[in-house]
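Just so you know, these numbers use all the heavy atoms, side chains as well, and skip hydrogens, waters and symmetry mates. Note on naming: letters A, B, ... go to the chains in the order of the sequence lines (proteins, then strands), and numbering restarts at 1 for each one.
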Amino acid sequence: MRNKKLTRSFYVRPTLIVAKELLGKYIVRKIGREKLVGKIIETEAYIGPQDKASHAYEGKVTPRNRAEYLIGGHIYIYLVYGMYWQLNITTGKEGKPECVLIRALELPQTKPKNLASGPGKLCRYLKLNKSFYEEDLTRSKRIWLEDREEKIRPSQIVATKRIGIDYAGPYWSRRKWRFLLKKMIK
DNA sequence: GTACAGATTGAG
DNA sequence: TCAATCTGTACT
């Protein structure tokens, strides 16, 4: 199997497309000589400034969210609830505040289950923190994404409403911009 | 200096 | 379903 590192052209596309195509891709985190790998099985799209659930709603820029405006392929990471990191990958062109939240990973069978089964947990597992703010996934030596050429059929992708954003009102909270990969039957 | 949000989690 | 939990952010 050939492992291809995802390049800039993958990320610089419409956010909803990238969010769907990230499913089944592998995230690789290198810590010293150890390598942590997980398959992306759940994502969520945030499309500011029109998206009320986005931190960049109405084109707002703060020191916290400025990474969201970077060209696709960068990491936008921030803290929620004072304790959980959220890993986002920017998409689209420079100046477009769009990104994809990585919500869950599937780990190799050698690892305990549910170790990365939520946005906060996967960051804890991958040891991600503020030092990854604005990290470039196409250049970084410690974290990147790989295409292992696993075929994902459209029928395997489930779209549901996004989580935890009811404050954004019914219109935005009902957008089906959360994408999950159905469990493969082995 | 201080109020407060908050894209969660885990227990029930 | 629901509340505990705490630090960075964005105000005064």
Expressed as a whole number of angstroms, how long is the span from [X]:[atom1] to [N]:[atom2]?
X         : N      : atom1 : atom2 : answer
Lys52(A)  : dG6(B) : NZ    : P     : 12 Å
Gln86(A)  : dT8(B) : CD    : C1'   : 7 Å
Arg162(A) : dT8(B) : CZ    : C1'   : 16 Å
Lys121(A) : dA7(B) : NZ    : P     : 19 Å
Asn88(A)  : dT8(B) : CG    : C1'   : 14 Å
Tyr167(A) : dT8(B) : OH    : P     : 9 Å
Trp85(A)  : dG8(C) : CH2   : P     : 7 Å
Tyr125(A) : dT9(B) : OH    : P     : 16 Å

side-chain hydrogen bond (donor to acceptor under 3.5 Å, both in side chains), paired with Tyr76(A), selected from Gln86(A), Glu135(A), Arg64(A), His55(A): His55(A)
Sugar-phosphate only, base, or nothing, as touched by Lys60(A) at under 4.0 Å among non-hydrogen atoms: nothing
Sugar-phosphate, base or nothing in reach of Ile165(A), heavy atoms under 4.0 Å: sugar-phosphate
5' precedence on DNA chain C between Pro63(A) and Tyr84(A) (nearest-nucleotide basis): Tyr84(A)
Whichever of Met83(A) and Val61(A) has its nearest DNA chain C nucleotide further upstream toward 5': Met83(A)
Phosphate contact (dA10(C) OP1 or OP2) by Thr62(A) side-chain N/O below 4.0 Å: yes
Any Lys161(A) side-chain nitrogen or oxygen under 4.0 Å from OP1 or OP2 of dA7(B): no
Parallel, tilted or perpendicular: rings of Trp172(A) and Trp177(A) (30°, 60°): tilted
[X]/[Y] ion pair, N-O < 4.0 Å:
X         : Y         : value
Arg8(A)   : Asp136(A) : yes
Lys52(A)  : Glu58(A)  : no
Arg29(A)  : Glu34(A)  : no
Glu149(A) : Lys4(A)   : yes
Arg66(A)  : Glu134(A) : yes

Ile27(A), Leu105(A), Leu101(A) screened by side chain to side chain contact (heavy atoms under 4.5 Å, CB included) with Leu87(A), the one that passes: Ile27(A)
Closest to the [X] side chain, choosing from [options]:
X         : options                  : answer
Arg64(A)  : dT9(C), dA7(B), dG10(B)  : dT9(C)
Leu79(A)  : dT7(C), dT9(C), dT8(B)   : dT7(C)
Arg103(A) : dA7(B), dC6(C), dG8(C)   : dA7(B)
Arg124(A) : dG10(B), dA10(C), dC6(C) : dG10(B)

Canonical and wobble pairing (Watson-Crick, G-U, under 3.5 Å) of DNA chain B, dot-bracket with |: ||||||.||||.
Ring-base stacking, Tyr46(A) with dA7(B) (5.5 Å, 30° cut-offs): yes
